[in-house]
Novice: 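Here it is, the structure in full.
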Number of protein chains: 2
Amino acid sequence: MGSLNEIAIAAGINISSALGFLLAFAILRIQPINDRVYFPKWYLKGTRSSPRHIGAGFSKFVNADLSTYLRFLNWMPAALQMPEPELIEHAGLDAAVYVRIYLLGLKIFVPIALLAFIVLVPVNWSSGTLEHEKDLNYDEIDKLSISNLGKGSKRFWIHIGMAYVFTFWTFYVLFHEYKVITTMRLRFLANQSRRPDQFTVLVRNVPPDPDETVSEHVEHFFAVNHRDHYLSHQIVYNANALAGLVEKKKGLKNWLVYYENQHAHNPAKKPTMKTGLWGLWGRKVDAIEYYKAEIEELCKQVLEDVERQKVMSDPNAIMPAAFVSFKSQWGAAVCAQTQQTSNPTVWLTQWAPEPRDVYWPNLAIPFVELSVRRLIISVALFFLTFFFMIPIAFVQSLANLDEIERLLPFLKPIIERNSLKSVIQGFLPGIALKIFLILLPMFLMTMSKMEGHISISGLDRRTASTYFMFLFVNVFLGSVITGTAFQQLDSFIHQPANKIPETVGESIPMKATFFITYVMVDGWAGIAAEVLRLKPLVMFHIKNTFLVRTEQDRQQAMDPGSLDFGTTEPRIQLYFLLGLVYAVVTPILLPFIIVFFSLAYLVFRHQIINVYNQQYESGALFWPDVQTRLIAALIVSQILLLGLLSTQEAEKSTVALLPLPVLTIWFHYVCKGRFEPAYVKFPLQEAMVKDTLQRANDPTLSLREYLKDAYVHPVFQKDDMYELVTMDEEKNPTVATKRQSRMNTPVESKFNSSVGTDEGEFSRMHPA
Amino acid sequence: MGSLNEIAIAAGINISSALGFLLAFAILRIQPINDRVYFPKWYLKGTRSSPRHIGAGFSKFVNADLSTYLRFLNWMPAALQMPEPELIEHAGLDAAVYVRIYLLGLKIFVPIALLAFIVLVPVNWSSGTLEHEKDLNYDEIDKLSISNLGKGSKRFWIHIGMAYVFTFWTFYVLFHEYKVITTMRLRFLANQSRRPDQFTVLVRNVPPDPDETVSEHVEHFFAVNHRDHYLSHQIVYNANALAGLVEKKKGLKNWLVYYENQHAHNPAKKPTMKTGLWGLWGRKVDAIEYYKAEIEELCKQVLEDVERQKVMSDPNAIMPAAFVSFKSQWGAAVCAQTQQTSNPTVWLTQWAPEPRDVYWPNLAIPFVELSVRRLIISVALFFLTFFFMIPIAFVQSLANLDEIERLLPFLKPIIERNSLKSVIQGFLPGIALKIFLILLPMFLMTMSKMEGHISISGLDRRTASTYFMFLFVNVFLGSVITGTAFQQLDSFIHQPANKIPETVGESIPMKATFFITYVMVDGWAGIAAEVLRLKPLVMFHIKNTFLVRTEQDRQQAMDPGSLDFGTTEPRIQLYFLLGLVYAVVTPILLPFIIVFFSLAYLVFRHQIINVYNQQYESGALFWPDVQTRLIAALIVSQILLLGLLSTQEAEKSTVALLPLPVLTIWFHYVCKGRFEPAYVKFPLQEAMVKDTLQRANDPTLSLREYLKDAYVHPVFQKDDMYELVTMDEEKNPTVATKRQSRMNTPVESKFNSSVGTDEGEFSRMHPA
């Protein structure tokens with residue numbers, strides 16, 4: 001365990017590195033050239049135009065106004081100024097609720113820290129057991145922790161009492177927060193203007209019918225079983241191949257632009273390229289001509305593909321799923337919440353996600369395949385969590401150079417060079433693990449996709465929960481009981497059930513210093529690095545140099561990014577877990593966590609205001625997950641405290657603490673019953689009110705027209721496959737600033753007749 | 001462990017006692033005097049009239065036709081003859097599906113037993129490890145069990161393979177059975193003629209409204225939010241006090257009838273009684289006069305109570321719950337499956353149970369109270385299951401006579417009598433435990449009631465699951481590892497997780513003899529005693545002697561009873577558990593279980609055809625519970641096998657068997673997803689079909705009139721409050737034989753205006 005001194009030094013280092021990041025950010029953000037990196041959200045909203053238009057010459061790129069350097073920290077109060085309703089309006093409910101998680105951390109831990117420092121720290125300090133045992137190595141920090149109480153001390157009762165106080169305070173804050181966020185969600189849903197997903201239900205697993213097409217089958221089924229409410233439907237096309245082509249075309253276009261730019265800079269020299277692998281081999285050709293021809297070819301292919309789907313000669317192109325729209329929200333709410341047929345594996349209905357939230361490739365997975373996938377992925381996740389060290393160790397063993405030489409003798413002369421040898425042997429093992437950890441969220445996301453969730457928000461939520469599991473086992477437990485997760489699992493299986501919390505609980509106080517350092521390195525510095533946006537900064541300038549010609553190109557080179565719920569939320573949960581575990585044991589950890597939550601709240605509020613552009617809006621659908629993980633952290637902390645105290649010869653503590661986890665589980669079910677339905681179901685009363693209001697406000701609206709192309713695969717919606725042809729028509733850059741709203745509302749598609757289908761259009765479906 | 005000889009002796013004893021019961025039954029059932037005890041179902045259906053009318057004199061009471069004695073076993077084939085559709089028609093789906101549980105046992109265990117005897121028994125027998133170790137005590141039965149394989153034997157792979165085969169066979173049978181029963185349920189619901197519960201939804205937690213009565217509030221809410229479908233509603237009166245009065249009156253009437261009968265037998269002597277406690281003290285009065293006056297007084301009280309509720313001056317009389325009826329089944333299906341308001345703790349809707357299935361006292365429990373009750377009952381159930389021995393031991397310690405003498409010295413002379421002393425000391429401890437075990441299902445039922453379930457079928461299901469938990473812990477585990485449940489819990493907590501299945505698994509083979517005996521005593525003899533109906537037989541003859549005057553009285557003295565799902569189903573599950581656990585380990589147990597299932601199938605089929613009259617019809621709503629417990633038994637059997645093999649130095653067996661529980665859990669979720677919705681939700685397609693059919697078949701029906709009094713508290717429906725006045729009008733005994741249908745369909749109530757409420761009746765609610 002570290003002394004207070006050591007911690008102070010570590011804190012000093014981390015504070016200065018964090019301050020360094022913040023300073024760099026403060027200077028970089030006021031340079032006009034970086035404006036689109038640090039304020040993309042405002043560009044997307046169309047309320048900010050490039051400051052480079054204003055200045056001239058040098059000041060176009062570098063800020064020369066010295067007074068702004070003096071106010072370099074004024075982004076901090078600015079980030080706090082925007083009131084919450086405006087924030088929801090500006091960044092969406094998901095983002096606004098996300099930053100409230102950090103606020104929740106402050107709400108829970110500030111009072112707990114105060115109470116702990118008033119009550120527990122003096123009690124621990126004044127016990128002085130460690131002072132009397134001269135042969136023990138102890139540090140100042142231990143004198144502030146529960147370790148300073150001798151075995152069997154009566155003072156443990158104070159800790160038990162505080163555990164109850166902290167738990168009830170956490171209950172209170174959690175219940176209140178759940179209530180507030182549920183209210184926010186309901187108000188948000190009620191205030192929203194008309195959106196296609198309010199009227200639409202996603203139907204999956206449409207059973208095959210020998211006599212009817214999928215579209216006819218859907219039509220007939222809902223026209224019969226929701227007689228008074230059914231309006232229209234859109235069937236789902238398998239556009240995955242098409243999406244691949246479009247993606248490929250985008251890459252080709254980038255190269256075309258690159259060469260065109262080169263040509264423009266140096267008109268004398270025609271740019272050339274080789275057609276082989278990575279431009280290294282093959283025939284030399286005129287690059288511009290080559291890419292133009294390639295793109296044209298691809299466009300033809302895309303058009304053919306679209307044509308083929310249009311006449312629907314290919315039955316594989318139609319998925320057994322459809323978006324069914326209703327005349328009223330009441331009708332949609334009813335259909336989404338009820339079972340349609342006696343076989344619950346077909347005609348599965350659920351609320352349609354927002355159009356931009358749909359994860360299209362997963363819409364067509366049959367019921368049985370879905371359950372097989374779940375089984376396989378669950379087993380895979382178990383192995384990933386507990387045995388991930390095995391492949392890593394294998395890769396690390398490959399880094400053993402003698403082994404490499406034996407296997408691949410021709411590499412010997414290269415490897416034998418001294419400098420390379422030391423690099424490989426010094427870094428490779430560490431790098432393998434680091435790369436794995438960086439790629440881990442991506443693996444988990446891929447696994448979530450394979451599990452078959454149908455919305456992007458659902459994928460994010462699932463990834464978050466698996467990632468939290470991984471962090472809990474490998475970071476939290478792995479740090480407390482040193483050893484790999486597999487060794488832990490093995491020792492857990494071979495230990496009595498009551499020994500496990502004891503083993504873990506006993507080593508908890510000893511790890512306080514480690515976790516304090518962890519909070520500073522991973523938390524403080526991580527958050528400061530977040531605000532600097534190093535990667536988007538570099539990427540923007542590369543793109544800006546090579547690919548940008550028009551204002552619109554620059555718009556596209558801008559990468560606002562979005563809150564990555566699946567990766568960041570589990571990390572916050574880890575801090576909650578640490579705070580709750582150490583609140584009673586070593587309260588000195590709490591201030592570090594409070595600093596983290598404050599800083600993170602500030603930074604993320606700034607980011608969602610100025611930078612991030614959310615991919616989708618789920619209406620805080622993730623909150624039940626957040627709450628569940630907090631409850632789990634609370635239970636873990638209680639069980640570990642119980643284990644710790646039972647090793648301290650405070651026998652009655654077991655009996656005194658046992659009601660805590662029982663109460664916590666009960667509290668969980670109360671909250672679940674009270675609030676969760678607001679995230680799963682849509683109350684009919686609200687739907688009726690909204691229907692009535694909308695009928696009164698807009699009696700002439702043709703809902704059928706409005707919903708016609710709302711749920712069309714984005715490939716069919718994106719105009720950019722025709723950009724090559726139509727690029728010059730689209731001169732006005734403000735069109736692009738409407739990007740968000742364009743993603744929100746359906747745009748006129750060029751394939752109406754192929755994808756928008758309603759009663760009247762059946763006859764037109766198979767043109768002669 | 002017992003030898004084969006010992007088992008043969010035990011089997012002989014049990015077979016003869018079971019045969020004795022069956023013989024007694026065969027003789028008693030053909031005596032005319034017992035006809036109403038053994039064939040009450042047919043009386044209730046109105047298709048059988050007392051055989052005593054036919055014969056004369058002696059033959060009225062005793063069967064003198066000797067030829068019938070020769071055919072005394074012909075009830076057995078008769079029980080099997082009724083085809084299943086007719087059985088459903090006759091006894092209801094619940095009963096028909098219940099006997100299928102026994103059939104399921106045969107389907108699972110007969111093939112498993114065959115395979116085990118062909119493969120496993122020879123493998124075990126020929127191993128001969130036990131023969132070589134001369135110092136071991138072993139029995140023939142051990143040579144047939146897995147114990148005969150030596151440690152580390154390669155033959156364990158055969159057992160592992162068979163474990164897979166048995167598991168997959170069980171999967172197949174379970175899946176098939178779930179499918180069949182789901183189809184039966186859906187067909188049953190579809191074929192049923194119109195029933196009030198098909199159109200009705202139970203609404204609970206109606207929020208208080210300052211301006212409106214509960215009835216007005218319900219009316220307005222549903223008229224707005226289910227505009228096109230709402231028909232009418234019935235509010236729920238708190239008739240618990242009234243029900244108490246009615247119950248009390250019934251008791252008084254029994255005494256009146258008793259004294260009147262006495263008077264009739266002996267007209268010279270007026271019967272007298274004392275008014276004090278139990279008729280032992282007090283003033284001597286004319287008994288008939290006294291009871292007549294008492295009953296009249298009570299009737300007045302009842303009428304007053306009814307009157308008070310009628311004018312609704314007492315707000316406590318109205319519960320915040322209502323039965324809301326809809327114009328179509330589609331409307332009811334929608335309302336039952338959806339959430340009504342944004343606050344999920346008010347306006348809770350669910351399908352209304354059948355009128356006779358409603359458990360009225362629980363309809364008005366608020367949401368928060370409900371979750372507190374659940375918490376308390378869960379904790380109480382935990383303590384009951386694991387610590388029930390503490391109060392029992394306390395009672396047993398009281399049976400220590402020296403202690404009693406010390407505390408209550410004045411009892412000394414009584415206790416010192418030798419005969420009494422030995423009786424108390426010999427029997428009291430055992431009797432205390434026996435009484436507890438007999439009363440246990442009643443305790444569990446009371447706890448379920450306190451938990452707040454609102455239907456009698458729900459109470460039965462809940463009781464069954466808690467009772468199974470108790471049997472599993474205290475009978476199964478308690479027999480395998482000898483010791484009280486608390487000691488087991490203690491040792492489980494202090495053992496490593498992998499040691500628990502080892503400890504239990506290791507002692508499994510040694511307990512085979514015990515469980516074989518258990519199956520014979522509890523199973524075989526229990527079933528044979530079931531068919532004899534000793535208690536109803538005695539009760540009927542007592543009532544018949546003292547209380548019966550009219551044919552209608554005799555009808556009421558008859559106690560058909562009903563299937564007691566909460567008590568009997570968990571016991572069947574115990575046999576499933578034993579069968580699955582011992583299938584691989586000691587297959588010799590299987591034939592005993594197969595005999596049990598065959599006998600039970602026969603007896604219960606006979607009982608539901610001839611005896612039981614179901615209290616309610618839930619449409620096999622209990623099947624998901626049955627399936628879940630079977631899956632749990634399968635997992636327990638797999639884990640115990642794993643534990644057993646890992647003590648036999650068959651290390652790889654752990655790895656080879658681990659996929660089994662994972663697969664089983666997965667299978668559980670597949671079945672749940674595939675079939676359970678049919679028991680929870682009501683598909684809209686089915687509702688639409690039924691609506692269309694009913695509109696076509698009966699276009700003139702006034703649904704409002706039909707549903708008017710369907711959901712009226714039974715106290716208001718039962719005419720017997722007025723029987724005293726109207727008894728003589730009701731001479732025709734066939735009226736009473738319609739009892740079942742009277743419970744099924746709403747009868748004309750005398751309180752229409754107070755309880756039937758629809759739009760038009762608001763003005764009539766508060767008469768001037």
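In this text, all values refer to a predicted model and were calculated from it rather than measured experimentally.
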Novice: Apply the test side chain to side chain contact (heavy atoms under 4.5 Å, CB included) to residues B:Leu663 and A:Leu375: give CA-CA distance (whole Å), side-chain angles for both, the deciding distance (0.1 Å), then the verdict.
Specialist: CA-CA 8 Å; B:Leu663 275 177; A:Leu375 170 68; 4.2 Å; yes
Novice: Identify the heavy atoms of A:Gln339 and B:Ala678 that sit nearest to each other, and give their distance.
Specialist: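 Minimum heavy-atom contact is OE1-N, 4.4 Å.
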Novice: If you count every heavy atom of other residues, nucleotides or ligands that lies below 6.0 Å from B:Phe168 atom CZ, does the total exceed 12?
Specialist: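 Check passes, neighbour count above 12.
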Novice: Which pair of non-hydrogen atoms, one from B:Thr338 and one from A:Val334, has the smallest distance, and what is that distance?
Specialist: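 Heavy atoms only, the tightest pair is CG2-CA, 4.2 Å.
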Novice: If you count heavy-atom pairs under 4.5 Å with chain B, which of A:Ile665, A:Val680, A:Asp228, A:Val372 comes out on top?
Specialist: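 Going by pairs under 4.5 Å, I would pick A:Val372.
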Novice: Can you tell me how the ring of B:His229 sits relative to the ring of A:His229, calling it parallel under 30°, perpendicular over 60° and tilted otherwise?
Specialist: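 It falls in the tilted class, 30° to 60°.
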Novice: Applying side chain to side chain contact (heavy atoms under 4.5 Å, CB included) to A:Ser371 and B:Tyr669, what does each step give before you reach the verdict?
Specialist: CA-CA 8 Å; A:Ser371 54; B:Tyr669 283 106; over 6 Å; no
Novice: Measuring heavy-atom distances to chain B, does A:Thr692 have an atom under 4.5 Å in its side chain, in its backbone, in both, or in neither?
Specialist: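 Only the side chain of A:Thr692 comes within 4.5 Å of chain B.
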Novice: So, A:Trp330 side chain and B:His226 main chain: donor-acceptor pair closer than 3.5 Å or not?
Specialist: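 Not at all, since once roles are kept as given, no pair shorter than 3.5 Å links the two residues.
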Novice: As an exercise: rank A:Arg227, A:Glu676, A:Arg374 by heavy-atom pairs under 4.5 Å with chain B and give me the winner.
Specialist: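 It is A:Arg227.
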Novice: Please classify the contact between A:Trp347 and chain B as side chain, backbone, both or neither, with a heavy-atom cut-off of under 4.5 Å.
Specialist: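 The answer is neither part of A:Trp347.
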